[in-house]
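Worksheet: the structure to be examined is printed underneath.
Hydrogens, waters and symmetry mates are skipped; everything else that's a heavy atom, side chains included, is used. For this chain, numbers begin at 1 and follow the sequence in order.
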Amino acid sequence: MTVALYPGTFDPPTLGHLDIVERGTRLFDRVVIAVGARIDKKTLLTPEQRVDLLRETVAGLGHCEVLPFEGLIVNFAREQGADVLLRGIRNSTDYEYENQMALTNRRLAPGLETVFLPASPDHTFLSSTLIKEVLAAGGEIEEFVPKVVAKALREAWQR
Ligand code: ADP
């Protein structure tokens, strides 16, 4: 049984994240989406909102669960019995950063492998940061995120 941990901030979860999750569930026996608290970074959605939205969005997918985490990802991976850290790669900038992180995590936790999935062509341009910028400027975000997420984002922005 191979367990993959997919860590991220997911502020907000996008269709690109979901694509990685879906493909992950076809490759691994269990996928745990680990939602980071990010005390270092101000988020638009609270950790609880991000966890709840992801749970709603992946409700129909088997072998998949969503959990909040704080601290070092390799420690959380160990607690969850994960064999693999799953990450998505959109472009060479992602690759530079992700590879550096993968090598660091390998030193911290030998045996825990990082697996990169290339973003699907329809999703390579999608980023949580840009979606928030479009929202802030009054643009349409509906085609970038699941419906429930778009609704929550509009409410969070109006508050
Ligand atoms: P972090 O703050 O850890 O980078 P994110 O929520 O931004 O968390 O992203 C989590 C993971 O999902 C990262 O591996 C990131 O590269 C990947 N990712 C982000 N957007 C996309 C996308 N549109 N398609 C595929 N993977 C993505």
Side-chain angles (χ1 to χ4, degrees), residues 1-45 47 49-51 53-55 57-58 61 63-137 139 141-146 149-150 153:
M1 164 130 173
T2 312
V3 178
L5 194 77
Y6 179 38
T9 312
F10 307 107
D11 184 51
T14 71
L15 294 181
H17 292 131
L18 290 174
D19 180 60
I20 298 289
V21 173
E22 274 170 28
R23 289 157 64 199
T25 59
R26 278 184 254 130
L27 291 170
F28 305 107
D29 300 302
R30 185 170 153 240
V31 172
V32 179
I33 305 174
V35 180
R38 296 305 293 247
I39 26 182
D40 60 320
K41 192 161 116 178
K42 192 157 168 26
T43 57
L44 178 59
L45 302 171
Q49 283 177 308
R50 287 177 275 134
V51 167
L53 287 169
L54 276 162
R55 282 191 180 143
T57 318
V58 301
L61 271 185
H63 323 292
C64 178
E65 65 184 300
V66 186
L67 295 173
F69 88 95
E70 273 178 44
L72 210 53
I73 195 61
V74 293
N75 290 345
F76 191 62
R78 205 174 289 130
E79 278 169 35
Q80 292 300 314
D83 312 282
V84 163
L85 289 177
L86 178 63
R87 299 285 287 180
I89 304 250
R90 287 163 292 189
N91 47 43
S92 57
T93 312
D94 270 0
Y95 175 76
E96 296 292 334
Y97 172 67
E98 294 291 339
N99 192 44
Q100 199 177 5
M101 200 155 54
L103 293 174
T104 307
N105 285 333
R106 177 189 284 199
R107 284 291 178 96
L108 293 172
L112 178 68
E113 286 290 352
T114 298
V115 170
F116 298 147
L117 285 185
S120 297
D122 287 352
H123 300 130
T124 34
F125 69 96
L126 276 180
S127 90
S128 297
T129 305
L130 272 181
I131 290 170
K132 282 181 280 189
E133 283 182 24
V134 173
L135 180 75
I141 49 159
E142 277 65 17
E143 65 172 302
F144 308 135
V145 295
V149 174
L153 278 178

- Does the side chain of N75 come within less than 4.5 Å of R78's, by heavy atoms? yes
- Message: Let me confirm one number: the CD-CZ distance from E79 to F69, rounded to the nearest 0.5 Å.
- Response: 11.0 Å
- Task: Determine the interplanar angle of the Y95 and F116 rings, folded into 0 to 90°, and report it as parallel if under 30°, tilted if 30 to 60°, perpendicular if over 60°.
- Result: perpendicular
- Taking the side chain as C-beta and beyond, is there a heavy-atom pair between L18 and V58 under 4.5 Å? yes
- Task: For the residue pair P118 and R23, establish whether any side-chain heavy-atom pair is separated by less than 4.5 Å.
- Result: yes
- Task: In plain terms, say whether R87 and D94 are close enough for a salt bridge, that is, a side-chain N and a carboxylate O under 4.0 Å apart.
- Result: no
- The reported gap from CG in L45 to CG in D11 (rounded to nearest 0.5 angstrom) is 5.0 Å
- Task: Identify the heavy atoms of F28 and A4 that sit nearest to each other, and give their distance.
- Result: CD1-CB, 3.5 Å
- Task: Taking all non-hydrogen atoms of both residues into account, name the closest pair between A119 and T124 and its distance.
- Result: CB-CG2, 3.9 Å
- Between G16 and L126 the two heavy atoms that sit nearest each other are N-CD1, 3.8 Å
- Any R106 side-chain heavy atom under 4.5 Å of T114 side chain: no
- Query: Given L153 and I131, is the side chain to side chain contact (heavy atoms under 4.5 Å, CB included) satisfied, shown in steps?
  - Reply: CA-CA 10 Å; L153 278 178; I131 290 170; 4.1 Å; yes
- Under the side chain to side chain contact (heavy atoms under 4.5 Å, CB included) rule, what do E22 and L61 come out as? Steps first, then yes or no, please. CA-CA 8 Å; E22 274 170 28; L61 271 185; 3.9 Å; yes
- Message: Run the ring-ring contact (aromatic ring centres under 6.0 Å, His included) test against Y6 and tell me which residues pass, sequence neighbours left out.
- Response: F10
- Task: Report the distance from atom CD of E113 to atom OG1 of T2, rounding to the nearest 0.5 Å.
- Result: 11.5 Å
- Check L117 against L27 and note the closest heavy-atom contact, atom names and distance. CD2-CD1, 3.9 Å
- Message: Using side-chain heavy atoms (C-beta onward) and a distance below 4.5 Å, is E65 in contact with R30?
- Response: yes
- Non-hydrogen side-chain atoms of L67 and F76 separated by less than 4.5 Å: yes
- Task: Could you walk me through whether S128 and T9 pass side chain to side chain contact (heavy atoms under 4.5 Å, CB included), step by step?
- Result: CA-CA 9 Å; S128 297; T9 312; over 6 Å; no
- Message: Walk me through whether T43 and R50 qualify under side chain to side chain contact (heavy atoms under 4.5 Å, CB included).
- Response: CA-CA 10 Å; T43 57; R50 287 177 275 134; 3.6 Å; yes
- Query: Given side chains that start at C-beta, do those of Q49 and P12 come closer than 4.5 Å, heavy atoms only?
  - Reply: no
- Of the non-hydrogen atoms in L85 and P7, which two are nearest, and what is the gap between them? CD2-CG, 4.5 Å
- Message: Does E70, at its CD atom, have more than 12 non-hydrogen atoms belonging to other residues, nucleotides or ligands within less than 6.0 Å?
- Response: no
- Message: Consider side chain to side chain contact (heavy atoms under 4.5 Å, CB included). Of I20, I33, V21, V32, which one does L86 pass it with?
- Response: I20
- Item | Interatomic spacing from CG in N99 to OG1 in T104 - rounded to 0.5 Å | 9.0 Å
- Item | Minimum side-chain heavy-atom gap P13-T57 below 4.5 Å | no
- Work out which heavy atom in P47 is nearest to a heavy atom in V35; give both atom names and the distance. O-CG1, 4.4 Å
- Looking at V74, I73, L112, V31, which hits side chain to side chain contact (heavy atoms under 4.5 Å, CB included) with L5? I73
- Item | Spacing of OG belonging to S120 relative to CZ belonging to R90, to within rounding of 0.5 Å | 12.5 Å
